[in-house]
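Inspection log for the structure reproduced underneath, given as C-alpha cells.
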Amino acid sequence: MFKHMAMWTWPDAVLGETAEQIVERLRAAHIDIVIPYLGLRDDPAPRAAYEERLQALVEEAHRHGMTVIACFDEMGTYASMPAKDYCQVRQDGEPQNLLCPAHPGAREYLLGELERVLGEFAFDGVNLEDSYVYNSTTIYDPAHSGGAEFSVIPVCYCDHCRAHAPLEQPEWNQWRRDRLSELVAAESRLVHERGLSFSVAARMPYARDDFYAAYQDEIPYYSGWQHCQARDGLAADWLSWLQQGIIDFACPMSYFHSSRLVELETLECQYRVPEARESIWMGLGLDVITAEYAQAHRDHPEPGKVHQDAFKNDAAAIGRQLDLQVRLGQQHVVFFSHAFLRDEHIPVMAAYR
Ligand SMILES: [Zn+2]
C-alpha cells in the first residue's frame with residue numbers, strides 16, 4: 001500500500017550487525033530504502049573502520065535492489081572535526097555542539113565533506129539529519145529532550161554573527177532562516193547535479209500557529225511546542241525548502257505513541273503542503289523512541305506513567321500508525337530506527353508494502 005518504506009539506520013546498527021543481517025531484516029519487513037548515517041565522527045568507531053562497514057552495506061543493499069540514501073549528519077561538532085571552531089555560540093560565550101550555518105568556514109567544510117562522500121559512496125540520495133537547526137539547546141522537544149523546563153537559549157553569537165547578524169532584532173529569526181536555507185540550497189545543488197534525491201529529517205510542529213489552535217486541548221505538549229516549532233523556534237524553514245524545490249521530500253519526525261498526535265502532525269503537513277501525500281514521508285518512532293516514553297517528569301500530564309512499556313511503539317502500535325497513514329492517503333513512511341526494529345514489527349510492516 002505504500003510506494004516506499006524507509007529505515008533510518010544509526011551507526012550503532014551498522015557496527016552491530018553485518019550488512020547481510022541488516023538487509024535481510026529490512027527485506028523481510030518489505031522496507032526498500034535504507035538511510036544509514038554517515039557517522040563521520042571518530043566515535044563510536046574510527047572513521048575508516050565505520051566507512052568500510054558502510055561501503056559493505058551500500059553494496060549489499062544494492063545487490064538486493066534496495067535504495068540507499070545517506071543520512072548526512074555532519075553538523076554536530078566533535079573533537080576531531082576540523083571545523084569545530086565554527087560552531088554556534090551562546091550569548092555567554094558557551095560554544096554549542098552544532099556548526100553555525102552562517103559561518104563561511106562551516107559552510108566550506110560541510111560542502112567539502114558532502115562532495116567527498118558523494119564521490120566515495122554510490123548513494124542514491126542524501127537526507128539531512130535533524131541537526132540543521134539553530135537553537136539546538138531549545139529546551140523542550142518531545143522527540144528529542146528528556147523533559148527539562150521549557151526555555152530557549154538563543155544562538156548564534158559567534159564572531160561571524162556578531163559582525164553580520166541583526167542580533168536580538170525582530171528580523172534576527174528571518175536572517176537565521178535565510179542563512180540556513182542558503183546552506184541547505186548549496187548542499188542541494190551538489191546532490192541534485194549528480195541526479196540524486198535530496199531530502200531532510202524535519203522538526204515538528206512546523207509552526208504552532210493557526211492549525212493547532214483548535215486542537216490544543218488534545219496536545220499534552222502544546223505550550224512546549226512554542227519552543228520546538230521548526231520555523232519560528234529553530235529557524236529551520238523546511239516548508240520553504242520544499243516549495244522552492246531545494247528538497248524533494250521532507251521526513252517529519254513524529255515520534256509519538258499516541259496515534260492522535262501523529263494524525264494531527266500529518267494533518268498539519270497536509271494543510272501546508274498540497275502534495276503532502278507524495279512529498280511528506282512521516283517519520284514514525286519504533287519501540288522506546290516515542291515522546292511519551294522518553295519524556296520524563298515535569299511535562300507529562302501523568303508523570304508517574306513515563307518510562308512505561310505502555311508507551312513503547314510495539315507491533316500493535318506500529319500497525320495502528322500505518323493504518324492511519326494509509327487512511328490519510330500518505331504514500332511513503334520512514335521509521336526511526338533500525339536499532340529499535342523488533343522482530344515483532346517485521347510481519348506487521350511487511351503487510352503494508
Ligand atoms: Zn554564528
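When a ligand or atom number is given, it counts from 1 through the structure's own listing order. Computed from heavy atoms alone, side chains included, the values below leave out hydrogens, waters and symmetry copies.
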Whether the His345 and Asp287 side chains hold a donor-acceptor pair (N or O, under 3.5 Å, no angle test) is what I'd like checked.
no
What angle, to the nearest 10°, do the atoms SG (Cys100) and SG (Cys161) form about the Zn ion (ligand 1)?
100°
Has Glu268 got a side-chain atom pairing as donor or acceptor with Ala207's backbone, closer than 3.5 angstrom?
yes
Between Asp124 and Arg194, is there a side-chain N and carboxylate O pair less than 4.0 Å apart?
no
May I ask you to check whether Cys156 brings an N, O or S atom to under 2.8 Å from the Zn ion (ligand 1)?
yes
Would one find an N, O or S atom of His103, in either backbone or side chain, under 2.8 Å from the Zn ion (ligand 1)?
no
Glu94 and Tyr157 side chains, donor-acceptor separation under 3.5 Å
no
